[in-house]
Amino acid sequence: MRRPLVAGNWKMHGTRASVAELINGLRQQVLPAGVEVAVFPSCLHVVQVLDGLADKGVAIGAQNCAVDPAQGALTGEVAASQLQDAGCALVLVGHSERRLLLGETDVEVTRKFAAAQSCGLTPLLCVGETLVQREAGKTLEVVGAQLASVIEALGIEAFARAVVAYEPVWAIGSGLTASPEQAQLVHAAIRAQLAAQSAEVACAVRVLYGGSVKAANAAELFGMPDIDGGLVGGASLNADEFGAICRAAGS
Ligand code: 13P
């Protein structure tokens, strides 16, 4: 049985004051025991959130790491080893905003995935198609290729210590959510691709859905057999809404 995971990606949002308010709001949420909860603040606020939520059982992750795990001369980057030292447990890799707006390639995504694991962090690998790709009938091909590049470089066993998130780009921040059936189809394909190499790894890995998840649609999405929780953007900036999404994963 896979333990659901609900993760909040705060993206490039927050000030010290608004983060303090969000921590306070999250502290007041009743979080279901059977659900793992994680938040990904901006790098600047990671320590503040670690301090604020240390005793709440919420894991903290970073939104990115450098391709090399060790510290070094690389201005502006943060190493996975530094994130681990700060207390992070997870790191997002391959978010579509980084792939599409910052030109991050599959090769870089794979190196970041490996860097995270080499420091004991769990990589949360994001995959997903654009609207143009979906309309061209290429969804499974695009998602399959993003996943394959990591499997081929690092081997299937790398997914024994990782999480995958399917985030259709057209559903991110748009208010358009993939229907539970649309999402399930892609989640099942992701799991089948992993199962082709290891049924055990495929059965254990959590595949999250991301893209306009809200309290109102979470239960329906999380009810699908291959959807093991959510990667939540905008709605994770509201503690009550995020708490309700976490509770939906526990029901
Ligand atoms: P929204 O929930 O705002 O659509 O963002 C999803 C996302 O990109 C999470 O990583």
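All ligand and atom numbering here is 1-based and tracks the order in the structure. Computed from a predicted structure; not experimentally measured.
- Atoms of ligand 1 found under 4.0 Å from any heavy atom of Ser212 (numbered from 1 in listed order, with element): 1 (P), 2 (O), 4 (O).
- Note that the CZ atom of Arg99 and the CD atom of Glu167 stand 10.5 Å from one another [nearest 0.5 Å].
- The side chain of Asn9, and not its backbone, has at least one atom closer than 4.0 Å to an atom of ligand 1 (non-hydrogen atoms only; side chain from C-beta on).
- Counting the atoms of ligand 1 from 1 in the order shown, those under 4.0 Å from a heavy atom of Leu231 are 9 (C), 10 (O).
- The shortest separation from a heavy atom of Gly211 to ligand 1 is under 4.0 Å, placing the residue in contact.
- Protein heavy atom in closest approach to atom 9 (C) of ligand 1: Glu167 OE2, 2.8 Å.
- Sorted by first and then second residue, the salt bridge (Lys or Arg N to Asp or Glu O under 4.0 Å) pairs involving residues 240-249 (not counting sequence neighbours) form an empty list.
- Heavy-atom distances between Lys11 and ligand 1 reach below 4.0 Å in at least one pair.
- Ring pair Tyr166/His187 is perpendicular by interplanar angle, where above 60° counts as perpendicular and below 30° as parallel.
- Scanning all protein heavy atoms for the shortest distance to atom 3 (O) of ligand 1 gives Gly234 N, 2.8 Å.
- Residue Ala171 has at least one heavy-atom neighbour below 4.0 Å for each of these atoms of ligand 1: 4 (O).
- Of the candidates His95, Lys214, Gln63, it is His95 that places a heavy atom closest to atom 10 (O) of ligand 1.
- Annotation: side-chain hydrogen bond (donor to acceptor under 3.5 Å, both in side chains) contacts of Arg206 (sequence neighbours excluded): Glu36.
- From the protein, the heavy atom lying nearest to atom 2 (O) of ligand 1 is Gly233 N, 2.9 Å.
- Counting heavy atoms from C-beta on, the side chains of Phe222 and Val6 come closer than 4.5 Å.
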Any chance you could lay out the salt bridge (Lys or Arg N to Asp or Glu O under 4.0 Å) test for Arg98 and Glu108, step after step, and finish with the verdict?
CA-CA 11 Å; Arg98 299 196 61 84; Glu108 286 163 332; over 6 Å; no
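- In this structure, the protein non-hydrogen atom closest to atom 4 (O) of ligand 1 is Gly173 N, 2.6 Å.
- Under a 4.0 Å N-O distance rule, the pair Arg3/Asp228 does not qualify as a salt bridge.
- In terms of N/O distances under 3.5 Å, ligand 1 is not approached by Glu97.
- Looking at every heavy atom in both residues, Pro180 comes nearest to Ile227 through O-CD1, 4.4 Å.
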